[in-house]
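Below: one structure, written as structure tokens.
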Amino acid sequence: MEYKFRDIEKKWQDWWNVNQSYKVSNDTSKPKFYVLDMFPYPSGAGLHVGHPLGYIASDIFSRFKRLKGFNVLHPMGYDAFGLPAEQYAIEHGVHPATSTDQNIINFRKQLDNIGFCFDWDREVRTSDPAYYKWTQWIFLQLYQSFYNRITNKAEPIERLIKEFEQFGSSTKTSRTTVHQFTAADWKEMDAEKQQHILMDHRLAYCGFGEVNWCEALGTVLANDEVVNGVSERGGHPVIKKKLRQWYLRITEYADRLLEGLDRIEFSDAMKEMQTNWIGKSSGAEIDFEIRLTPGPSPDKEKGLGDEAVLRVYTTRPDTIFGVDFMVIAPEHELVEQITTPAQKIEVDEYIFFVKSRSERERMAEKKISGVFTGSYALNPFDQRAIPIWISEYVLAGYGTGAIMAVPCGDERDHKFAKHYSIPITNIIGKYYNGEDANATKEAVLENSGFLNGMVMRNAIEVAIGKLEELGIGMRKVNYKMRDAAFSRQRYWGEPFPIVWYNGVAYPMEESELPLELPKVDSYSSGPEGEGPLANFSEWVNVPSPPAPNHLRRGAGGEGKRETNTMPGYAGSSWYFLRYMDPHNNQTFCDRKISDYWGQVDLYIGGTEHAVGHLLYSRMWTKALYDLGHIGHDEPYKKLVNQGMIQGVSQMAYVRKGDFEEGVSIGKSNTINLGPNFPFASIDYNEPMLQLFSSDFINEGNKELYKPFNIPIEFVELNTSDLTRNKLNVELAIKSYPQRLNAIYIVPGAFYYKEKWWAWNEKQTKIEVIKGISFYTSSEVEKMSKSKYNVINPDSLIDKYGADTFRMYEMFLGPVEISKPWDTKGIEGVHRFLKKLWRLFYDELKGKLWTDEKPTADELKVLHKTIKKIEEDTERFSFNTAVSAFMICVNELADLKSHKKEILQPLLILLTPYAPHIAEELWNLLGNTSSILNAAFPAFEASYVTESSKEYPVSINGKLRTTIVIGLDIEQGEVEEIVLNNDVVQKWMEGKTPKKIIFVKGKMVNVVI
RNA sequence: GCGCAUGUGGCGUAAUUGGUAGCCGCGCCAGACUUAGGAUCUGGUGGAGUGAUCCUUGGGGGUUCGAGUCCCUCCAUGCGCACCA
């Protein structure tokens, strides 16, 4: 009986399906365990071998936990809203819903091939109205909440209204805003005005601010979606633009997002990234009086009121006596006021120069630039007049948009001072060498007035104290993180459940949800930065206000729907909750059920979501927790980041200059790919690549053709013609990659005698016949369709089976590590499964397994393996677990062990890794119930305990021999045995040992 | 530039706490069975040397009876941040 993996895998996948073997109940006495994968965006490209890596790891862990007696939730779904579907729609006229559904069908087929234990009854799709109804509902919860700074949590906005009614804007519960009003004022205000004020406090709010606008994509992007000044998707230029946008007030959660990191198991790298993104720093804000002339005498300036002060933010108030100039951002509001007439032209030129440059140019070029305003700030402690400069190295968006520059302590300030020859005051003595700034906190301060003689580290507090005492400064905490832009000018996203009346945003009633996306057939942008939805007036216009509620007093006339849609991360910020209770149409997730499942115990996914999805979903979870909708405030207990599987791109290329543009290479231009490589000819006019063997080897009287590479992924096989002397395969090139004039030769196989064969890869310079050199090389890079280096799991599964594929992906190395894909090793894993099969069945002899009692040796092998697999699986060391299985099967084969009592537990160990073969053999052993419900075998230490050990014996730390010594033997006796050993005596050369180190169960070291 | 990782055979990797470096697999070499090998099996495989033995975990230094593992330093690669005052 043979291992027919195709039949076996099909059979059990159907059986599990029919028997609903993966259905998970919410109602059980078992302990729970929640294993979650980052759900995929269903792109048209389908899965490559990198995608399933994390899914396989989580699948193994889920199955393992199930065997250990847990009720395991292991769901899967689709992050189905997003830009690519809409771009595809624009280009091909296919509705995003249609292409998305098509892609999902594809994905599902590919996922099913691998044999995952997902409970598909719990599938979610973020683009499904039944799902996004609750995304909209959660948005409304955020909209109707504010962050109470006293209780430090989100609370209903009604609470804030009560505060305003009682205390006006002096309430301490919420952020201070530009609005100043008394309780009486509040009551006087009309609803419209009140709503404007409330908007500035809501957790989801609409504001007018500078956003990342991407013209090419026609939408606004969040900070984490912009990389190096261009859009993360597509690499289009991004500019700053002032627009009306929705935001999430994530900044209010900055401290709790930081604090929560201590309570969750994320990698240090991941925590570091989030910490940096939040970017908390503490220091002080200091006000400096402004003078239009350098004199310290208080003079009445024209156009400058008494209140005109320059407010800066610094983390180092201890350096205040080292301030030699001030720098304000070019966008700073005081620029105009403080520019003196003499400097006006220069300043205007500089501002014009700054404005003319894109964000990208600004980042790329780091030349020092700036301009003096003509004005001065007064150092409050020594009345020194400090020139105020404008420079783009100070960012308008951070702190106060102005800094006090301390050149001896800050590198950037130092460079600026040197560049503009501004005199530098040294306040740190020998710590400053005149050449480089030194940001030390250890120096003893000099030239620093009342701070003289203090160590900087301690002076910080003293300086802040003094500033606060004088009322010219205050302690201040700053964050790099900004509120998250939450609206997109796109079609394919969740519509906002908001209707505008007279410029006031009114939330829709829960009963009116979901607000469905209208079916449309055009996706072009609306007017003035509006989304495509703005073009559909019958959807946008709401004839009369819906039933009034307390927020709608004053609403009247025609209403208009919000035409922006929510960003991609909206749906993914809470999907882990919906899986728990996916069909509930009364609430987003029943509280009892979310209390049962609680946190995601294990979350597996890539590092690319470090500061996007992972931060947003943490914030949503905290907000839902604050509002009492769930019982935990961190969504993920443990996060494991799978490494990226890179592709190896093989390419043949022409060096620029070796041939001129437009030169065509005819079919006769044959390229020889080195001594053992085939001839190839490329016709650029007719995209055709011919490869044929130049070389064959003689074996006896047979002529065999050397295997060679043919880029099957990007060329299509036309004909396969074998002649006596040469193998002639003609291939049509599907498309040309754009860079380097390169042709990618992709790892693959070639077709010969009606079969696919593996090919040999080598790096060679291709010798040329007609004067043009082609070179080949390989490069490890991200696996991507555009690079022709994608390995599709389907073909591998077809050739080797899902079990082999699963185990091979794990065998490749630790899950967290990124590595290039290499198909070659898969044979070894496949051989292992065949070898396992042969412990049960022989092709000729048939059934091998027996009911005989196992020997001590066999039991030892089994229990050693139980221990190893259990420990390795528990610590996500799946590669070593696969290796342990191989060792076990090798040893059992050596022992000719075919005993059911050994093999049966082994199958249970194996079933998380290779579920199909395990279930088949389990069934063949006569079991009637599924192996999925078996119990993980218990490790019995007694089977593996040894009575003696082969001790390594070293002389002076160098291993010289090994001696078998009983494990219960103590130091004294060991010394005697060791010293009497021939080899040891030889190496001691008659000397007396100084010391004998004996570590029981480990080793012996004789020191002479 | 700053921060964080990682460097082990021809290749992917193993060594969980400082205690026999190289497990397992690929590849390669030899052999068996074969029309054939792309199936299967057996043996070998870090390097040098006939050998005893010596060398070997990116380079150098240190701590220790003992270092792939800890410390210092340099080099290389990868990732993250990039004027955040």
Side-chain angles (χ1 to χ4, degrees), chain A residues 2 227-228 267-273 275-277 279-281 283 312-316 319 327 362-363 366 368 391-395 397-406 409-413 415-416 439 478-481 607 610-611 643-644 699-700 702 704 707 753 755-758 780 808 811-814 816-829 831-832 834-835 838 843 868 871-872 875 877 879-887 890 893 950-962 993-999 1001-1008:
Chain A
E2 216 186 325
V227 180
N228 293 330
S267 69
D268 289 347
M270 199 57 90
K271 287 186 182 180
E272 177 102 5
M273 274 189 249
T275 305
N276 286 345
W277 185 262
K280 180 177 184 173
S281 71
V312 304
Y313 171 70
T314 180
T315 56
R316 298 295 301 274
T319 62
V327 187
R362 217 165 140 168
M363 282 171 143
K366 295 213 169 149
I368 296 166
S391 174
E392 60 181 3
Y393 87 86
V394 170
L395 306 176
Y398 182 76
T400 59
I403 63 156
M404 54 179 228
V406 182
D410 183 283
E411 199 191 312
R412 294 154 302 179
D413 298 346
K415 282 189 179 143
F416 194 86
N478 255 320
Y479 301 91
K480 280 198 249 177
M481 184 168 68
T607 51
V611 292
M644 210 190 335
E699 231 181 64
K702 291 273 180 302
L704 299 172
K753 282 192 168 176
K755 274 182 188 169
W756 286 100
W757 296 58
V780 172
Y808 183 57
F811 187 61
L812 235 36
E816 301 95 330
I817 304 293
S818 290
K819 58 232 152 207
W821 176 263
D822 178 9
T823 301
K824 278 182 296 190
I826 200 168
E827 296 276 355
V829 175
R831 271 200 277 274
F832 152 75
K834 284 195 280 194
K835 195 164 180 177
R838 285 198 307 275
E843 261 182 62
K868 179 81 174 146
E871 288 174 356
D872 284 358
R875 68 188 174 104
S877 182
N879 55 325
T880 53
V882 174
S883 165
F885 280 123
M886 290 174 170
I887 293 168
N890 288 347
E950 190 181 8
Y951 276 94
V953 179
S954 312
I955 319 289
N956 280 346
K958 264 202 189 324
L959 178 74
R960 292 305 177 187
T961 187
T962 58
K994 279 194 196 127
K995 202 174 2 168
I996 296 178
I997 290 150
F998 169 65
V999 182
K1002 293 277 188 192
M1003 44 62 70
V1004 185
N1005 188 15
V1006 182
V1007 186
I1008 52 172

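What you see below is based on every heavy atom in this structure, not just the backbone, and it leaves out hydrogens, waters and symmetry mates.
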[atom1] atom, [N] versus [M]: distance in rounded Å?
| N | M | atom1 | result |
| --- | --- | --- | --- |
| B/G44 | B/U35 | P | 28 Å |
| B/C24 | B/G18 | C1' | 25 Å |
| B/A48 | B/G3 | P | 42 Å |
| B/G68 | B/G59 | P | 11 Å |
| B/C75 | B/G10 | C1' | 24 Å |
| B/U6 | B/U16 | P | 15 Å |
| B/G80 | B/C29 | P | 41 Å |
| B/U17 | B/A67 | C1' | 14 Å |

Results of side-chain hydrogen bond (donor to acceptor under 3.5 Å, both in side chains) for [X] - residues two or more places apart only:
| X | value |
| --- | --- |
| A/N478 | none |
| A/R875 | A/D872 |
| A/K415 | A/E411 |
| A/E950 | A/T962 |

Sequence neighbours left out, what passes side-chain contact (heavy atoms from CB on, under 4.5 Å) with [X]? Give chain and number order.
| X | answer |
| --- | --- |
| A/K480 | A/Y398 |
| A/A893 | A/K835, A/L839 |
| A/E871 | A/K867 |

By nearest nucleotide on RNA chain B, pick out whichever of A/E950 and A/I403 is the more 5' one.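 With A/E950 and A/I403 compared, the 5'-side residue is A/E950.
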First encountered from the 5' end of RNA chain B, between A/K1002 and A/Y398: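 Closer to the 5' end of RNA chain B: A/K1002.
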Donor-acceptor contact present, side-chain A/N956 to main-chain A/I1008, <3.5 Å: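 Flag set: sc A/N956 to bb A/I1008 pair under 3.5 Å.
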Given 3.5 Å as the limit, does a donor-acceptor pair link the side chain of A/D410 with the main chain of A/D413, or not?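 Yes.
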Between atom [atom1] in [X] and atom [atom2] in [N], what is the gap in whole Å?
| X | N | atom1 | atom2 | value |
| --- | --- | --- | --- | --- |
| A/M481 | B/C81 | CE | P | 16 Å |
| A/R960 | B/A52 | CZ | C1' | 12 Å |
| A/N890 | B/A14 | CG | C1' | 15 Å |
| A/N478 | B/A85 | CG | P | 8 Å |
| A/D410 | B/A85 | CG | P | 9 Å |
| A/F885 | B/A14 | CZ | P | 17 Å |
| A/I887 | B/G22 | CD1 | P | 13 Å |
| A/E411 | B/C2 | CD | C1' | 9 Å |

Check every atom of [options] against the side chain of [X] and return the nucleotide holding the closest atom.
| X | options | answer |
| --- | --- | --- |
| A/L959 | B/A21, B/G80, B/A85 | B/A21 |
| A/T880 | B/A15, B/U16, B/U20 | B/A15 |
| A/T314 | B/G80, B/A85, B/A14 | B/A85 |
| A/V394 | B/U20, B/A85, B/U17 | B/A85 |
| A/K868 | B/U16, B/C24, B/A85 | B/U16 |

Please work out which of the three classes, parallel, tilted or perpendicular, describes the rings of A/W821 and A/Y808, given edges at 30° and 60°.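 A/Y808 and A/W821: perpendicular rings.
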Measure all distances between protein nitrogen or oxygen atoms and nitrogen or oxygen atoms of nucleotides 60-68 of chain B, and list the pairs falling under 3.5 Å.
{"unit_1": "B/C65", "atom_1": "O2'", "unit_2": "A/N1005", "atom_2": "ND2", "d": "3.1"}
{"unit_1": "B/C65", "atom_1": "O2", "unit_2": "A/N1005", "atom_2": "ND2", "d": "2.6"}

Less than 4.5 Å apart, side chain to side chain, heavy atoms only: is that true for A/Y313 and A/T315?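 Yes. Closest side-chain heavy atoms under 4.5 Å.
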Side-chain H-bond candidate by donor/acceptor type, A/Y479 with A/S281, under 3.5 Å: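 No, because no side-chain N or O of A/Y479 sits under 3.5 Å from a partner of the opposite role on A/S281.
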Give me syn or anti for B/G9, where syn covers glycosidic angles within 90 degrees of 0.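 B/G9: syn.
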Is there a side-chain contact between [X] and the phosphate of [N], meaning an N or O under 4.0 Å from OP1 or OP2?
| X | N | answer |
| --- | --- | --- |
| A/N879 | B/A14 | yes |
| A/S281 | B/A85 | yes |
| A/Y808 | B/G25 | no |

Which residues pass the salt bridge (Lys or Arg N to Asp or Glu O under 4.0 Å) test with A/K280, sequence neighbours left out?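 By the salt bridge (Lys or Arg N to Asp or Glu O under 4.0 Å) rule, A/K280 matches A/D255.
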Would you tabulate the pairs of protein nitrogen or oxygen atoms and nucleotide nitrogen or oxygen atoms of nucleotides 39-48 of chain B closer than 3.5 angstrom?
{"unit_1": "B/A39", "atom_1": "O3'", "unit_2": "A/K834", "atom_2": "NZ", "d": "3.4"}
{"unit_1": "B/U40", "atom_1": "OP1", "unit_2": "A/K834", "atom_2": "NZ", "d": "3.1"}
{"unit_1": "B/U40", "atom_1": "O3'", "unit_2": "A/R838", "atom_2": "NH2", "d": "3.0"}
{"unit_1": "B/C41", "atom_1": "OP1", "unit_2": "A/R838", "atom_2": "NH2", "d": "2.2"}

Of all heavy-atom pairs between A/G401 and A/V394, which one has the smallest distance, and what is that distance?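 Closest approach of A/G401 to A/V394, heavy atoms only: O-CG1, 3.4 Å.
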Considering all heavy atoms, the nearest A/G957-A/N1005 contact: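 Smallest heavy-atom distance, with atoms named: N-OD1, 2.9 Å.
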How long is the gap from OG on A/S877 to CD on A/E816, to the nearest 0.5 Å?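 With rounding to 0.5 Å, OG (A/S877) is 8.5 Å from CD (A/E816).
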Grab the N/O contacts between the protein and nucleotides 4-12 of chain B below 3.5 Å, and write none if there aren't any.
{"unit_1": "B/G12", "atom_1": "O2'", "unit_2": "A/L812", "atom_2": "O", "d": "2.6"}

A correct dot-bracket answer for RNA chain B, with pairs being Watson-Crick or G-U at under 3.5 Å, [ ] for crossing pairs and | for inter-strand pairs, is (((((((..(((......[....)))((((((.......))))))(((....)))..(((((..]....))))))))))))....
